[in-house]
Amino acid sequence: MCPQNASVNLQEAIASRKTFAIISHPDAGKTTLTEKFLLYGGAIQTAGAVKSNKIKKTATSDFMEIERQRGISVATSVMGFSYRDIQVNILDTPGHKDFAEDTYRTLTAVDSVILVIDCVKGVEEQTERLMEVCRMRKTPVIIFVNKMDREGKDAFDLLDELEKKLDIKTRPLSWPIGIGATFKGVYNLFDKGLRLFHANKTKRETEVVQIDDLEDSRLGELIGDAAADTLRSEVEMVEGVYEPFEQEAYEAADLAPVFFGSALNNFGVRELLDTFVDIAPYPLPRKTDMREVAPAEKKFSGFVFKIHANLDPKHRDRIAFLRVCSGRFERNRFFHHVRLDKNLRFANPSSFMASEKSTIEEAFPGDVIGLYDTGNFKIGDTLTEGEKMNFKGIPSFSPELFKQVENKDPMKSKQLEKGLRQLTDEGVAQLFTQEPGNKKIIGTVGDLQFDVIQYRLEHEYGATCDFRHLSFHKACWLTSNNEAKLDEFIRIKQNQMATDKDGNWVFMAPSAWILQLEQQNFPEINFHFTSEFKREGIPSN
Ligand code: G4P
């Protein structure tokens with residue numbers, strides 16, 4: 001293929017891809033909405049398929065057994081489908097707060113998100129945290145207020161709550177007619193169509209009644225005179241209070257369009273999907289420590305944002321999930337692994353269409369592919385065609401829970417070391433080493449990770465361990481332009497110093513108060529709360 005053609009195809013590929021994540025507090029309806037999207041995309045044929053797939057996985061994998069036992073979605077899965085000529089890639093995220101880091105990392109691999117809110121519960125704790133990450137990254141957000149078939153909060157109150165708690169301007173693009181028992185449907189403020197509600201778990205809702213405007217005499221006949229009056233006055237208020245929808249404000253993550261519906265009843269889902277396809281961004285440029293990389297650049301680049309172990313227990317391999325950022329990824333072609341300074345090629349890269357995994361020949365910006373890994377990858381690794389750069393924004397956060405690992409079976413020390421190394425490469429937790437005595441300390445953001453580590457060490461590596469609680473407050477990475485001061489700090493604080501897996505110094509602050517004190521005492525030292533600093537300030541070649 002001549003290079004000119006290749007570039008045309010690359011452009012076309014970029015202009016036909018949208019990659020996003022659905023995020024929510026657990027139980028708001030993320031899985032149900034994902035499933036309905038997949039139904040529209042023809043990627044699955046029956047409702048229930050996404051959940052039954054979850055169960056199937058748990059039955060075949062030890063790791064997933066934990067997910068089943070806990071009743072939460074530990075893994076982030078990738079699902080793709082085609083809708084109106086757009087290749088839509090959904091990255092699913094675990095809702096449980098102990099796996100928040102996994103979700104944060106997944107958000108580095110998407111170009112926009114749909115946030116699902118339960119209309120009964122409103123904005124919940126996890127919703128706020130997730131939105132903080134979206135704001136930090138300026139990720140465009142569409143909000144779907146779900147479960148309108150239940151007695152929830154008033155729509156205006158919900159919008160106020162969204163604006164206040166999530167610190168973002170909202171703009172309803174649809175408006176609910178009643179709620180719970182009186183829920184009759186939604187009025188689309190954009191195309192002025194009425195979608196009338198019929199509870200229906202499996203079929204797609206089809207009845208769209210086009211009315212000229214809200215004065216249309218059919219409105220009263222369709223929804224009743226009282227509901228029609230309420231709708232008229234509420235819509236008037238919406239148009240008066242909320243600024244018109246602006247694509248630019250949405251793309252800048254300043255404004256979130258809001259939809260109302262019921263994912264379970266398949267209501268309001270199609271207009272959400274249609275609007276998503278209309279307004280959500282195509283693959284966006286991404287920053288590296290050297291420069292910004294545009295998707296249309298001919299040379300391939302991408303980064304690993306997730307590593308998943310032992311999807312199939314018969315194979316010990318892991319799968320590294322890579323987001324393609326620019327150019328064309330090709331099967332069996334050598335690419336440069338920047339951190340290892342090594343060229344690697346991949347014989348069986350896979351793509352994910354709903355529950356199906358299949359080998360691909362090529363992939364384009366916005367795509368997420370699975371690479372079989374025998375231990376070469378860590379979260380955040382970059383692949384290029386040779387250029388030495390690292391994608392930014394895939395940080396490890398300062399952990400807040402710490403436990404020292406105690407080996408229960410000295411005959412299995414090697415297995416334990418290997419297990420700890422591999423599990424922490426996957427990003428399950430962070431590993432620190434303290435001298436003297438080569439003490440291994442695990443740091444996490446949630447308690448559940450300790451269970452996951454213990455379980456997986458035993459089932460995958462044959463190593464058993466106990467944990468001893470350590471009362472550190474935070475681990476912070478240290479840098480300074482003043483080497484002497486840094487050395488002095490490390491010497492004075494040697495009992496609270498450790499190194500991370502890359503040999504960087506980390507201060508294990510015993511309390512918030514002491515941390516603050518040390519920051520004041522040592523103004524020459526920078527205390528970092530994410531590992532992102534490692535990628536900063538690397539001189540360009
Ligand atoms: P999650 O992935 O965000 O954790 O939520 P999920 O989709 O699993 O939904 C959580 C629960 O909320 C499920 O009920 C689901 O059926 C229900 N749900 C989702 N959308 C709606 C909706 O529009 N209306 C109503 N009334 N319920 C909704 P469950 O009882 O926990 O599970 P299941 O037994 O129904 O599978």
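Start at 1 and go down the list; that is how both ligands and their atoms are numbered. Note that these values count all heavy atoms, side chains included, but never hydrogens, waters or copies made by symmetry.
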For ligand 1, which atoms sit closer than 4.0 Å to a heavy atom of [X]?
{"X": "A263", "answer": "23 (O)"}
{"X": "D27", "answer": "1 (P), 3 (O), 4 (O), 5 (O), 10 (C), 12 (O)"}
{"X": "S24", "answer": "3 (O)"}
{"X": "P26", "answer": "4 (O)"}
{"X": "S262", "answer": "22 (C), 23 (O), 24 (N)"}

So [X] and [Y], would you call those rings parallel, tilted or perpendicular, with 30° and 60° as cut-offs?
{"X": "W175", "Y": "F156", "value": "tilted"}
{"X": "Y83", "Y": "Y40", "value": "perpendicular"}
{"X": "F37", "Y": "F20", "value": "tilted"}
{"X": "F391", "Y": "F303", "value": "tilted"}
{"X": "F305", "Y": "F321", "value": "tilted"}

Name of the residue among L189, V145, I143, V186 meeting side-chain contact (heavy atoms from CB on, under 4.5 Å) with P172
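The single option meeting the side-chain contact (heavy atoms from CB on, under 4.5 Å) with P172 is L189.
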
N/O separation below 3.5 Å, [X] to ligand 1:
{"X": "N265", "answer": "no"}
{"X": "G29", "answer": "yes"}
{"X": "M148", "answer": "no"}
{"X": "R150", "answer": "no"}
{"X": "G261", "answer": "no"}

When you measure from the side chain of S326 to the backbone N and O of S301, does any donor-acceptor pair fall under 3.5 Å?
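Yes; at least one donor-acceptor contact below 3.5 Å.
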
At under 4.0 Å between heavy atoms, is it the side chain or the backbone of [X] that contacts ligand 1, or both, or neither?
{"X": "A28", "answer": "backbone"}
{"X": "N146", "answer": "side chain"}
{"X": "T31", "answer": "both"}

Look at atom 28 (C) of ligand 1 and find which of L264, T32, V116 reaches it with the closest heavy atom.
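Selected option, by shortest heavy-atom distance: L264.
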
Would you please say whether a donor-acceptor pair under 3.5 Å links the side chains of T170 and E163?
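Yes, side-chain donor-acceptor contact under 3.5 Å.
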
Under a 4.0 Å N-O cut-off, is there an ion pair linking K153 with D160?
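Looking at K153 and D160, the cut-off is not met.
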
